[in-house]
Engineer: 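This structure is in structure tokens; I'll ask about it shortly.
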Amino acid sequence: MTGKNGMRVIAIDGPAGSGKSTVARALAERLGFDYLDTGALYRAVALKLVRAGLNEGAGDDVISSVLRGTSIEFKNAAVYLDGEDVSVEIRTPEAGHFSSIFSARRPVRDYLLDIQRNAALSGSIVAEGRDMATVVFPDAWRKFYITADERTRAHRRFAQLREKNTDITQAEALSDVSTRDTRDAARAIAPLAKADDAIEIDTTDLAIEETIQRIMAAL
Ligand code: DC
């Protein structure tokens, strides 16, 4: 189904380190679609809340009041928090941790819902995250669930962070991926889940190009 105004949405969900961001970005480029990294939005929200001095004990009302005066935008593969490009700062393991914590909260999910849906109003998009096919774009044109076994995902995350000179061990990367996935899948609101009508692709033994080809073949 095409979305509002005839725009097409390709929804891609999956756990941390599954390769979905790399695949979604490349797919968008090949198809001439916009790319929407919703994890980046959750990371930017978490950064704002942490900067405001909040932690996981914060009440919904406090979270809502901080977010009321906040602007978050994703454009040209960069994320802006109140006009500041925070694309680098949101990639630390600490930002990943807090994004997983705060993304379980209702005011955070409500705040980002319109921002995500509005991204599909001006053009066709490849949107990736945890609840693209289940909650944000239930009528998406195509839906995919990208996964890989936990060790592979942890290794990919480790390699990615080391490339950015982040001080992290293999064991820490494994613990980060596994803790975050358990929390993201167990939360009450919009948990990480495969939509019934999504095509599942296990990328454990697939190169990025092979994954892209499988998706292209299913369009
Ligand atoms: O994709 P990522 O690792 O950058 O996402 C960071 C966190 O944001 C992830 O642990 C869970 C949350 N998230 C979410 O709850 N829903 C989304 N659609 C995308 C991310």
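All ligand and atom numbering here is 1-based and tracks the order in the structure.
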Engineer: Which protein non-hydrogen atom lies closest to atom 8 (O) of ligand 1, naming both residue and atom, and how far is it?
Structural biologist: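 The closest heavy atom on the protein side is Y42 CB, 3.5 Å.
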
Engineer: Say whether R183 and ligand 1 are in contact under the criterion: heavy-atom distance to a ligand atom below 4.0 Å.
Structural biologist: no

Engineer: How are the rings of W141 and F33 set to each other: parallel, tilted or perpendicular (split at 30° and 60°)?
Structural biologist: tilted

Engineer: Below 4.0 Å, non-hydrogen atoms only: which portion of R187 touches ligand 1? Side chain, backbone, both or neither.
Structural biologist: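 The answer is the side chain.
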
Engineer: Give yes or no for whether the N/O distance cutoff of 3.5 Å, strictly under, is met between E128 and ligand 1.
Structural biologist: no

Engineer: If the plane angle is over 60° it's perpendicular, under 30° parallel, otherwise tilted; pick one for F98 and F102.
Structural biologist: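 Rings of F98 and F102: parallel, under 30°.
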
Engineer: Starting from atom 6 (C) of ligand 1, find the nearest protein heavy-atom neighbour and note its residue, name and distance.
Structural biologist: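 Looking at atom 6 (C) of ligand 1, the protein heavy atom closest to it is S99 OG, 3.3 Å.
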
Engineer: Does CG in D205 sit with more than 12 non-hydrogen atoms of other residues, nucleotides or ligands closer than 6.0 Å?
Structural biologist: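 Counting other residues, nucleotides and ligands, CG of D205 stays at 12 neighbours or fewer.
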
Engineer: May I ask you to check whether D184 has an N/O atom sitting below 3.5 Å from an N/O atom of ligand 1?
Structural biologist: yes

Engineer: Can you see which heavy atom on L192 is nearest to which on R187, and at what distance?
Structural biologist: N-NH2, 4.2 Å

Engineer: When you look for heavy atoms under 4.0 Å from ligand 1, do you find them on the side chain of S100, its backbone, both, or neither?
Structural biologist: both

Engineer: Do you know which two heavy atoms are closest between I212 and R30, and how far apart they sit?
Structural biologist: CG2-NH1, 3.6 Å

Engineer: Distance-only, no hydrogens or angles: does the T152 side chain make a donor-acceptor pair with backbone N or O of A148 under 3.5 Å?
Structural biologist: no

Engineer: Ignoring hydrogens, just give me the one of R91, R130, R43, Q116 whose non-hydrogen atom is nearest atom 14 (C) of ligand 1.
Structural biologist: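 Among R91, R130, R43, Q116, the closest heavy atom to atom 14 (C) of ligand 1 belongs to R130.
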
Engineer: So, 4.0 Å and heavy atoms of R109: is ligand 1 close enough to count as a contact?
Structural biologist: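 Flag set, R109 near ligand 1.
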
